[in-house]
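To find a chain, count down the sequence lines: A is the first, B the second, and so on, and within it residues start at 1.
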Number of protein chains: 2
Amino acid sequence: MKRAKKKAFAEFMSQRGLKSTKQRDIILDSFLSSDRHLSIEELYLKLRSKHPNIGYATVYRTLKLFAEAGIAREMQFGDGQTRYEHVSEGEHHDHLVCTRCGHIEEFENEAIEKLQDEVAESHGFLIERHRLELYGLCATCRK
Amino acid sequence: MKRAKKKAFAEFMSQRGLKSTKQRDIILDSFLSSDRHLSIEELYLKLRSKHPNIGYATVYRTLKLFAEAGIAREMQFGDGQTRYEHVSEGEHHDHLVCTRCGHIEEFENEAIEKLQDEVAESHGFLIERHRLELYGLCATCRK
DNA sequence: CGCCATCATGAAAGTGATATCCATTGACAT
DNA sequence: ATGTCAATGGATATCACTTTCATGATGGCG
């Protein structure tokens, strides 16, 4: 899975005539081996300890590149930071966001998707994408 | 309806020991008699022509106040601006957002809400609120 | 190899929207 | 009418990006 994404990214890069660099390799590794909803800041800080020579701008640009390459997706959960999540081919999911600890869980629900399609249709609307987020307290924070 | 909200806001203000001012009255009137999804900027510009003496900061603070008072709600639709929509008591709705013209339609769907509750329950999650937005092309822009 | 046209990098500066500061003004209980 | 404390608005600060620019790498070509 990590391998598949690395390959996909490498292909995207060569198609666009972009270069492979140490920084990009490091950032990709770190991104793939981390939590699914990192912000630029978080990833930057995570890298900073082992690779103090990687700049914020590079992390920023590289994450954008991941998004363009289709291996990451930009998401907003209302905390003022853009987060990047891993994209797995053909898979779609929505989110449960804990308002206390910030923890994000994912879920999938076919029935909801179907109902969304019906709503769109009844409004003559053509859906490109959607977002569904449930905010509240996660199981741990309820106690 | 406008009357009810004015009253609700007045009550909120006096409970908090806050003062009634010309500016707040004007901003509330303008907010209530406008489109349901205004940004600060939009409301500020709308007011500017008739009331050039009202500052941006006042519009900003007053909208926040509306949100605290429960007569408005802050929303993000991904265009980089916070929008304020009217809150009608006990009513909840979701949104269809046109990615071409920016038009926002509202809809309600009980069945979807019910399924959301089930999802939350199965994760031990306690829902406080949710957001559901369908992005795509509105009926007009499809042509 | 060595060249060199390009692309990439990182520090710093720029942006745009939101948030706060502060000197002045206004509201309202007494 | 007056004192007190909140409100106002212009200006400034903040925050999270986003872009600039001088310097450093990359990799195709001879």
Quick one: is [X] getting a side-chain N or O under 4.0 Å of the [N] phosphate, OP1 or OP2?
| X | N | result |
| --- | --- | --- |
| B/Q23 | D/dG9 | yes |
| A/Y60 | D/dT18 | yes |
| A/T58 | C/dG10 | yes |
| B/Y56 | C/dT18 | yes |
| B/S20 | C/dA27 | no |

Interatomic distance where [atom1] belongs to [X] and [atom2] belongs to [N] [whole Å]:
| X | N | atom1 | atom2 | value |
| --- | --- | --- | --- | --- |
| B/K64 | D/dA7 | NZ | P | 17 Å |
| A/I54 | C/dA11 | CD1 | P | 11 Å |
| A/M13 | D/dA25 | CE | C1' | 13 Å |
| B/I26 | D/dA7 | CD1 | C1' | 14 Å |
| A/D79 | D/dC17 | CG | C1' | 14 Å |
| B/Q76 | C/dT18 | CD | C1' | 11 Å |
| B/K19 | D/dG3 | NZ | P | 15 Å |
| A/L63 | C/dT9 | CG | P | 12 Å |

(message) Once side-chain hydrogen bond (donor to acceptor under 3.5 Å, both in side chains) is applied, what residue pairs with a partner in residues 124-143 of chain A remain, sequence neighbours excluded?
(response) A/H92-A/H130, A/D94-A/H130, A/E113-A/H130, A/Q116-A/H130, A/E128-B/T99, A/R131-A/E133, A/E133-A/Y135
(message) By nearest heavy atom, map B/K22 and B/R83 onto DNA chain C; which one lands nearer the 5' end?
(response) B/R83
How is [X] classified with respect to the nucleic acid when contacts are heavy atoms under 4.0 Å: base, sugar-phosphate, or nothing?
| X | answer |
| --- | --- |
| B/S39 | nothing |
| B/R61 | base |
| B/T82 | sugar-phosphate |

(request) Kindly say whether the aromatic ring centers of B/H95 and B/H37 come within a distance under 6.0 Å. (result) yes
(request) For residues B/F31 and B/F66, establish whether the separation of their ring centroids is below 6.0 Å. (result) yes
(request) Output the single nucleotide from C/dA8, D/dA7, C/dG10 whose closest atom is nearest the side chain of B/T21. (result) D/dA7
(request) Let me know, please, whether B/R24 or A/Q81 comes out on the 5' side of the other along DNA chain D by nearest nucleotide. (result) B/R24
(message) Check this for me: does any side-chain nitrogen of one of B/E74 and B/R83 sit under 4.0 Å from a carboxylate oxygen of the other?
(response) no
(request) Flag the pair B/D25 and B/K6 as a salt bridge only when some basic side-chain nitrogen lies within less than 4.0 angstrom of an acidic carboxylate oxygen. (result) no
